[in-house]
*Asks:* 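Have a look at the structure that comes next, please.
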Amino acid sequence: MALTGIQIYKLLPQTNCKECSFPTCLAFAMKLAAKQVELSACPYVTEASKKQLAESAAPPIRLITLKSNGTEVKVGNEVCMFRHEKTFYNKPGLFLRVNASDPDLVKKVTEANAYKVNYVGMDFSIDGFAIEADGDLVAAVKAVREVTNRPLILIGSDAAVLDPALNLLTGESTLIYAADSSNFESLADTAKKHKAALAVKADSLEALADLTQEIQARGVEDMVLDLGGKHLGEWLTRSTQARRLALKSNFKPLGYPTIFFAAQNGVEKEAVYAVQAISKYAGFVVLDTFAPEMIYPLLVLRENIYTDPQKPIQVQPGIYEINSPKPESPVLVTTNFSITYFAVANEVEGSGLPAWLVVTDAEGMSVLTAWAAGKFDAERIAKAIKGFDVAGKVSRKRIILPGHVAVLSGELEEELSDWEIRVGPREAVDLPAFMKQALN
Amino acid sequence: MPIDMPKDKWPGSIQTVTIGATTAEGGTRTRTVTVGGQTTMPYLQFEAPAPHRPVIAIEIKTRKPEDWSELLIDAWDEAMADPAQWAKKAEETGADLIVLALTLEDSPDSAVKAVKSVLSATGLPLIVWGPGQAEKDNELLVPIAEATKGEQLVLGICEDKNYRTIVATAMANGHLVQARTPMDVNLSKQLNILISDMGMPKERIIMDPTTGALGYGIEYGYSVMERLRLAALQGDAMTQLPMLVTPGFEAWKTKEAKVGKGVPETWGDWKARAINWETLTAIALIESGADIVVLRHPESVRRVKDAIEELMVPA
Ligand code: B12
Ligand code: SF4
């Protein structure tokens with residue numbers, strides 16, 4: 001946990017020599033606490049103090065990065081229990097588990113690796129693969145590396161099996177799953193040798209804390225916790241406890257991100273379990289099923305939960321051309337909330353019908369929210385139409401309003417007297433039909 | 001090594017609220033539903049046992065809805081033509097209580113009749129929603145409240161622009177109210193204060209903080225619920241009410257659930273996706289503190305129920 005200015009002051013020389021360019025050690029300490037200066041500005045801090053300050057500056061939940069030649073996944077480094085307190089920073093990595101023994105291994109990985117889904121203008125995919133060492137692991141890793149360059153987790157308990165496979169992954173940061181009380185020495189050595197992160201599992205948080213300390217003593221810093229437990233209630237309790245111990249008690253032995261296997265009680269419950277894991281602090285979520293109808297909602301949930309509560313996702317206000325509009329094409333009006341914009345833009349684009357889409361500056365709010373907040377009214381719409389010189393682009397001055405704000409049409413007619421104002425459907429799904437039937 | 005587990009000790013707790021009354025209690029229900037009573041954040045049973053499990057309401061309508069997804073129509077089929085049949089089927093599906101949503105086509109007579117037929121078709125407690133237009137809501141809900149005196153129905157939906165008539169008739173006839181505000185802690189609190197100021201006791205108010213579906217603003221609803229629950233535990237009396245949310249309504253509005261054709265292939269199988277949309281929205285909201293979730297698809301009900309069981313296993 002971060003030290004206060006006073007606590008830092010006690011670790012400084014307290015000579016007020018001013019070489020740091022502050023009048024007193026205390027002033028310097030205050031700036032350090034506020035992270036506005038570097039400790040190195042004081043030439044006289046002792047080694048012991050340096051160490052203590054560095055430890056206190058370390059994040060309470062260690063940042064773990066899994067890396068391949070292609071991509072990387074970062075988890076950990078979180079600072080709060082509830083997202084409104086600040087934000088959740090590093091989205092849990094979603095990994096698909098595959099079996100080395102599976103004759104369809106390559107096919108499965110190829111398919112999942114290619115998966116890419118768009119949500120409000122962002123492309124999402126899964127983050128990597130977890131290979132179960134239930135067959136020839138070396139052959140499996142080779143085969144998988146031919147078809148994907150996403151980061152890997154290797155699942156196995158025998159260092160002799162894992163070691164040759166890790167030899168193939170030099171230069172990458174892989175996660176080994178998992179060390180327990182029976183094999184931690186050999187796995188810790190393997191992890192150290194290959195600069196891999198090591199997952200650690202035990203039956204209780206106490207046993208887990210003992211184990212992480214022993215492993216750390218053997219020289220492994222990057223660890224990931226499997227907290228155990230058998231059902232939703234237990235997992236919620238344990239992940240809350242581990243997070244709280246790390247954040248509130250600065251308890252280092254559990255200051256690592258966690259890993260959760262969503263299909264451990266059968267694929268039936270996988271999606272539901274993954275929801276809790278994503279919402280409640282998991283660092284890595286391992287899935288057994290590659291099914292777009294499940295992966296897509298989980299990727300969306302992850303995005304939603306990890307969105308910064310202070311910043312709604314927005315698009316740039318302006319005039320957007322959809323399907324190469326012509327001067328006689330209709331002008332649709334909407335707000336700059338990303339979800340709203342893409343709901344409309346995707347519908348129109350999918351229909352193949354050309355249109356001008358005018359996105360007003362509604363401070364990132366949805367149509368009704370912005371309307372209720374006074375950020376999407378006739379005046380603002382008129383301002384956008386004039387500001388983006390829409391009249392200069394069209395020959396037929398015709399505006400389509402969202403159906404939810406039909407009440408604005410009268411006022412807008414006054415603001416833009418030379419324009420025809422039409423009220424569209426309430427939901428974007430119905431826009432294509434409306435454009436075909438009503439706009440001719 | 002022994003670990004000193006940090007536990008939160010809160011000064012406040014959530015109000016316990018009972019919906020429905022049995023014959024002995026002046027109603028006709030064979031079962032009642034009690035929610036609330038928590039003294040911890042959701043399901044942290046290492047701090048204190050979770051007193052009452054969250055419950056599932058199934059939403060039905062007085063007439064077959066025109067705009068519901070084909071998937072829902074397949075699921076409920078002929079039962080949709082008659083609210084009593086529909087309610088019965090909902091009970092068999094595993095509902096803890098029923099939400100009966102009235103429509104603009106209802107008259108006071110038809111609405112009262114529908115409510116009565118639902119009450120006799122099932123022994124479950126009942127929530128009744130007006131069609132959502134202030135005048136019409138009042139016109140329908142008042143005679144319903146009078147005709148079902150003592151049943152401890154939940155009447156809704158009270159919003160800041162229209163709550164007085166509904167609260168007054170609920171008070172006069174021994175019912176409860178649902179108080180909805182648009183995803184804002186202070187607005188929730190304010191409406192609860194206004195309703196309490198009319199003399200409605202706290203144990204007869206359910207608050208509905210509103211939510212968005214997965215992908216459509218769920219994060220706002222999720223955090224508002226967490227903040228309301230934290231405020232309640234910290235002792236803020238006017239936030240100490242059980243929470244109802246409507247993941248069914250929200251999820252089935254989304255394109256992901258509603259539309260099967262002409263959507264990206266990367267969205268996967270329509271039916272499974274649609275049910276996931278509803279189920280996953282509901283689970284996330286239960287994790288953030290929902291006491292009553294209103295659902296639509298039988299398969300979602302089954303999955304959410306299953307999850308609730310697991311969350312309620314004592315520590
Ligand atoms: C999420 C949300 C919020 C979030 C804001 C999220 C954001 N960035 O906008 C928060 C919590 C901040 C919020 C705040 C408020 N909210 Co609010 N909020 C919602 C909620 C739940 C969902 C809105 C949403 O994201 N919808 C999804 C988007 C995609 O919908 P959309 O923009 O309307 O777009 C659709 C259509 O309009 C159409 N469309 C869009 N553009 C176009 C264009 C054309 C041409 C056509 C044809 C169609 C079309 O296509 C889209 C998809 O179908 C709704 C209730 C609900 N469930 O709908 C309430 C709601 C919009 N909020 C409401 C209110 C009152 C408020 C507040 C004023 C409350 C307050 N005082 O705090 C504030 C205002 C903001 C402020 N002052 O800061 C009310 C509005 C009531 C009304 N009818 O006036 C609603 C309806 C809730 C309610 N029932 O009371 N809100
Ligand atoms: S340089 Fe170091 S010792 Fe000198 S005043 Fe600054 S903090 Fe104090």
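Every chain is numbered from 1 and lettered A, B, ... according to where its sequence line falls, protein lines coming before strand lines. Values reported hereafter were calculated over all heavy atoms of this structure, with side chains retained and with hydrogens, waters and symmetry mates removed.
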*Asks:* Which answer fits Pro297(A), side chain, backbone, both or neither, if we ask what part of it has an atom under 4.5 Å from a heavy atom of chain B?
*Replies:*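 Answer is both: backbone and side chain atoms of Pro297(A) are under 4.5 Å from chain B.
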*Asks:* Does the Glu310(B) side chain pair with the main chain of His231(A), one donor and one acceptor, at a distance under 3.5 Å?
*Replies:*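 Not confirmed, Glu310(B) side chain does not pair with His231(A) backbone.
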*Asks:* Looking at Tyr43(B), Phe46(B), Tyr222(B), which makes the most heavy-atom pairs under 4.5 Å with chain A?
*Replies:*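 Highest number of heavy-atom pairs under 4.5 Å: Phe46(B).
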*Asks:* Is chain B contacted by the side chain of Ile339(A), its backbone, both, or neither, given a heavy-atom distance below 4.5 Å?
*Replies:*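 Looking at Ile339(A), just its side chain touches chain B.
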*Asks:* Go through the steps for Val313(B) and Lys230(A) under the test side-chain contact (heavy atoms from CB on, under 4.5 Å), then give the verdict.
*Replies:* CA-CA 11 Å; Val313(B) 176; Lys230(A) 291 185 191 61; over 6 Å; no
*Asks:* So what's closer than 4.5 Å to chain B heavy atoms on Phe82(A): side chain, backbone, both or neither?
*Replies:*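 It is both, since atoms from each part get that close.
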*Asks:* For Glu234(A), is it the side chain, the backbone, both or neither that has a heavy atom under 4.5 Å from a heavy atom of chain B?
*Replies:*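 No part of it gets close to chain B.
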*Asks:* Is Asp306(B) close to Glu268(A) at the side-chain level, that is, under 4.5 Å between some pair of heavy atoms?
*Replies:*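 They are not in side-chain contact.
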*Asks:* Under 4.5 Å heavy-atom distance to chain A, tell me which part of Ala284(B) shows up: side chain, backbone, both or neither.
*Replies:*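 Both backbone and side chain.
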*Asks:* Side chain, backbone, both or neither: which part of Gln213(A) has an atom under 4.5 Å from a heavy atom of chain B?
*Replies:*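 The side chain, not the backbone.
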*Asks:* Identify which part of Val429(A) has an atom lying under 4.5 Å from any heavy atom of chain B, answering side chain, backbone, both or neither.
*Replies:*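 Looking at Val429(A), just its side chain touches chain B.
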*Asks:* Does the distance from a Lys or Arg side-chain N to an Asp or Glu carboxylate O, for Glu309(B) and Lys269(A), drop under 4.0 Å?
*Replies:*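 A salt bridge is absent here (no side-chain N lies under 4.0 Å from a carboxylate O).
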*Asks:* Let me know if Met41(B) has heavy atoms under 4.5 Å from chain A in its side chain, its backbone, both or neither.
*Replies:*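 When you check distances to chain A, only side chain atoms of Met41(B) fall under 4.5 Å.
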*Asks:* Could you tell me whether the side chain of Arg303(B) and the main chain of Val272(A) form a donor-acceptor pair under 3.5 Å?
*Replies:*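 Looks like no, no N/O pair under 3.5 Å.
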*Asks:* Measure distances from Pro182(B) to the heavy atoms of chain A and classify the residue's part below 4.5 Å as side chain, backbone, both or neither.
*Replies:*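 Contact with chain A: none, neither part.
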*Asks:* Once you round to the nearest 0.5 Å, how far does CG of Leu311(B) lie from CG of Leu232(A)?
*Replies:*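 CG of Leu232(A) is found 5.0 Å from CG of Leu311(B).
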*Asks:* If you measure from the Lys or Arg side-chain nitrogens to the Asp or Glu carboxylate oxygens, is any gap between Glu287(B) and Arg83(A) under 4.0 Å?
*Replies:*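 No.
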*Asks:* Are side-chain heavy atoms of Thr266(B) and Tyr296(A) found at a separation under 4.5 Å?
*Replies:*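 Thr266(B) does not reach Tyr296(A) side chain to side chain.
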*Asks:* So, Lys255(B) and Glu347(A), do they make that salt bridge, N to O below 4.0 Å?
*Replies:*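 Glu347(A) and Lys255(B): salt-bridged.
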*Asks:* How many angstroms lie between atom CE of Met1(B) and atom CG of Leu205(A), to the nearest 0.5 angstrom?
*Replies:*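 Those atoms lie 11.0 Å apart.
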*Asks:* Between Leu245(A) and Asp4(B), what is the shortest heavy-atom contact and its length?
*Replies:*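 Shortest heavy-atom separation between Leu245(A) and Asp4(B) comes out as CD2-O, 3.7 Å.
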*Asks:* Quick check on Ser279(A) against chain B: is it the side chain, the backbone, both or neither that has a heavy atom closer than 4.5 Å?
*Replies:*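 Both parts, backbone and side chain.
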*Asks:* What pairs with Thr254(B) under side-chain contact (heavy atoms from CB on, under 4.5 Å), at least two apart in sequence or on another chain?
*Replies:*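 Only Ala213(B), Tyr216(B), Glu256(B), Ala257(B), Trp277(B) meet the side-chain contact (heavy atoms from CB on, under 4.5 Å) criterion with Thr254(B).
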*Asks:* Is chain A contacted by the side chain of Val263(B), its backbone, both, or neither, given a heavy-atom distance below 4.5 Å?
*Replies:*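 Neither part.
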*Asks:* Which atoms of Ser223(B) are under 4.5 Å from chain A, going by heavy atoms: the side chain, the backbone, both sets, or neither?
*Replies:*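 Its backbone and side chain both get close to chain A.
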*Asks:* If you count heavy atoms of other groups shown closer than 6.0 angstrom to NZ of Lys271(B), is the number above 12?
*Replies:*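 12 or below, so no.
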*Asks:* Should we say atom CD of Glu105(B) is surrounded by more than 12 heavy atoms from elsewhere, each under 6.0 Å from it?
*Replies:*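 Count over threshold, so yes.
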*Asks:* Heavy-atom pairs under 4.5 Å with chain A: which of Gln45(B), Lys253(B), Glu47(B) has the most?
*Replies:*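 Top option by heavy-atom pairs under 4.5 Å: Glu47(B).
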*Asks:* Could you look at Tyr306(A) and say if it's the side chain, the backbone, both or neither that has a heavy atom under 4.5 Å from chain B?
*Replies:*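 For Tyr306(A), neither part sits under 4.5 Å from chain B.
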*Asks:* Below 4.5 Å, heavy atoms only, C-beta onward: do Leu254(A) and Ile3(B) meet side chain to side chain?
*Replies:*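 Counting from C-beta outward, Leu254(A) and Ile3(B) do come under 4.5 Å.
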*Asks:* Measure Ala291(A) against the heavy atoms of chain B and call it side chain, backbone, both or neither at under 4.5 Å.
*Replies:*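 For Ala291(A), there is no contact with chain B at all, as no heavy atom is under 4.5 Å.
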*Asks:* Say you draw a straight line from CD of Glu219(B) to NE2 of His84(A); how long is it, rounded to the nearest 0.5 Å?
*Replies:*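 Here the interatomic distance stands at 14.5 Å.
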*Asks:* Please tell me if the side chains of Met81(A) and Leu230(B) come closer than 4.5 Å, counting only heavy atoms from C-beta onward.
*Replies:*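 Result no, sub-4.5 Å side-chain heavy-atom pair not found.
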*Asks:* Between Glu226(B), Arg273(B), Lys7(B), who has the most heavy-atom pairs with chain A when the cutoff is under 4.5 Å?
*Replies:*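 Among Glu226(B), Arg273(B), Lys7(B), the one with the most close pairs to chain A is Glu226(B).
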*Asks:* Search all heavy atoms of Ala271(A) against all heavy atoms of Leu280(B) and return the closest pair with its distance.
*Replies:*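 Shortest heavy-atom contact: CB-CD1, 4.1 Å.
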*Asks:* Show, in sequence, the C-alpha distance, side-chain angles and deciding distance for Leu44(B) and Arg244(A), and conclude whether the side-chain contact (heavy atoms from CB on, under 4.5 Å) test is met.
*Replies:* CA-CA 12 Å; Leu44(B) 298 185; Arg244(A) 236 193 234 169; 3.6 Å; yes
*Asks:* Would the number of heavy atoms belonging to other residues, nucleotides or ligands and lying under 6.0 Å from CG of Asp74(B) be above 12?
*Replies:*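 More than 12 within 6.0 Å, yes.
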*Asks:* Give a yes or no answer on whether the side chain of Asn276(B) reaches the backbone of Glu293(A) with a donor-acceptor pair at less than 3.5 Å.
*Replies:*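 Checked: pair present.
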*Asks:* Is it the case that more than 12 heavy atoms not belonging to Glu85(A) sit under 6.0 Å from its CD atom?
*Replies:*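 Above 12, so yes.
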*Asks:* What closest approach, in Å, do Pro6(B) and Ser249(A) show between heavy atoms, and which atom pair accounts for it?
*Replies:*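 Heavy-atom minimum between the residues: CG-OG, 3.6 Å.
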*Asks:* Non-hydrogen atoms of chain B under 4.5 Å away: do they reach the side chain of Lys116(A), the backbone, both or neither?
*Replies:*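 For Lys116(A), the backbone is the part near chain B, not the side chain.
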*Asks:* More than 12 heavy atoms of other residues, nucleotides or ligands under 6.0 Å from CG of Asp203(A): yes or no?
*Replies:*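 For Asp203(A), atom CG is not crowded (no more than 12 foreign heavy atoms under 6.0 Å).
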